[in-house]
Amino acid sequence: MKTLVNLTQQSVVGEIESVLDTYPYHPYQKAFAIPDLRQELIAFVLTRLPSFDGAMSEGHISLAEAEQGSLAYYKLPRKPLEQQLHLQNLIHQGICLIVQEKSDWINDRVCETVQPACEASHWFG
């Protein structure tokens, strides 16, 4: 009996969006709205999922293959809730790592510029 584990890129992207919704808009959601950073996060997560590579573009691996040790990094838990938590944990790790590694780049692109005419005066105390 073969059991398939569905690991489509669309489901990963959907989970990334759900996790990002739990973060503050500035700087996290705003930063990962940049296509390059969003793609880097997607790639981070997908490369850490078992047997998800270009050859597996359909997004299905058999559980038998996973159990035979053909995993890229480690196995997914068997229960759906554990799988979701595992995926969410990978997403959180990716967000933290990318923000740490690219903090200067993110600050340059995400920081809002304030025009002096629009800023409140400090003259009044």
Side-chain angles (χ1 to χ4, degrees):
M1 175 172 104
K2 279 196 162 190
T3 305
L4 290 180
V5 180
N6 187 1
L7 299 174
T8 63
Q9 185 172 351
Q10 287 181 335
S11 63
V12 169
V13 170
E15 195 63 40
I16 286 173
E17 290 173 7
S18 296
V19 170
L20 278 172
D21 284 344
T22 67
Y23 282 80
Y25 176 74
H26 184 73
Y28 296 97
Q29 291 182 30
K30 196 169 181 182
F32 286 99
I34 299 170
D36 290 341
L37 284 184
R38 175 67 63 109
Q39 190 59 41
E40 189 171 337
L41 179 59
I42 293 167
F44 176 91
V45 174
L46 290 177
T47 58
R48 282 155 181 82
L49 289 175
S51 297
F52 196 100
D53 56 20
M56 298 302 294
S57 60
E58 292 180 16
H60 295 283
I61 62 169
S62 73
L63 198 53
E65 288 174 359
E67 289 172 348
Q68 290 173 358
S70 64
L71 305 181
Y73 290 93
Y74 38 79
K75 295 179 183 178
L76 277 177
R78 291 177 184 247
K79 297 178 183 169
L81 179 59
E82 288 177 4
Q83 288 177 1
Q84 183 180 11
L85 292 174
H86 179 75
L87 180 57
Q88 289 173 353
N89 186 36
L90 283 175
I91 295 167
H92 287 293
Q93 288 174 15
I95 290 169
C96 291
L97 183 71
I98 292 167
V99 167
Q100 285 176 348
E101 289 180 350
K102 301 196 179 251
S103 61
D104 292 336
W105 188 87
I106 291 170
N107 284 333
D108 290 343
R109 283 155 185 80
V110 173
C111 287
E112 298 176 22
T113 56
V114 177
Q115 296 178 0
C118 298
E119 188 175 1
S121 174
H122 299 291
W123 185 75
F124 294 107

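Along the sequence shown, residues are numbered consecutively beginning with 1.
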Main-chain N/O of Val19 paired with Gln88 side-chain donor or acceptor, under 3.5 Å: no
Considering all heavy atoms, the nearest Lys30-Val110 contact: NZ-O, 3.4 Å
Main-chain N/O of Gly14 paired to Ser18 side chain as donor or acceptor, under 3.5 Å: yes
Side-chain donor or acceptor of Asn89 paired with backbone N/O of Leu85 under 3.5 Å: no
Separation between OG1 of Thr22 and CD of Gln29, rounded to the nearest 0.5 Å: 8.0 Å
Arg38 side-chain N/O to Ala33 backbone N/O, donor-acceptor pair under 3.5 Å: no
Residue pair Ile98, Phe32: steps toward the side-chain contact (heavy atoms from CB on, under 4.5 Å) verdict: CA-CA 10 Å; Ile98 292 167; Phe32 286 99; 3.9 Å; yes
Distance, nearest 0.5 Å, that separates CD1 of Ile16 from NE2 of His92: 11.0 Å
Pairs involving residues 91-102, ordered by first then second residue, that meet salt bridge (charged side-chain N to carboxylate O under 4.0 Å, His left out) (sequence neighbours left out): Glu40-Lys102
Atom pair NE2 (His86) and CD (Gln84), whose distance is rounded to the nearest 0.5 Å: 12.5 Å
Partners meeting ring pair (Phe, Tyr, Trp, His ring centres under 6.0 Å) with Tyr28 (sequence neighbours left out): Tyr23
Euclidean distance, Leu87 CG relative to Leu46 CG, rounded to 0.5 Å: 9.0 Å
side-chain contact (heavy atoms from CB on, under 4.5 Å) partner of Val12, chosen from Leu90, Leu49, Ile91: Leu49
Closest non-hydrogen atom pair, Ile34 against Trp105: CG2-CH2, 3.9 Å
Nearest heavy-atom neighbours spanning Leu41 and Ile95: CD1-N, 3.7 Å
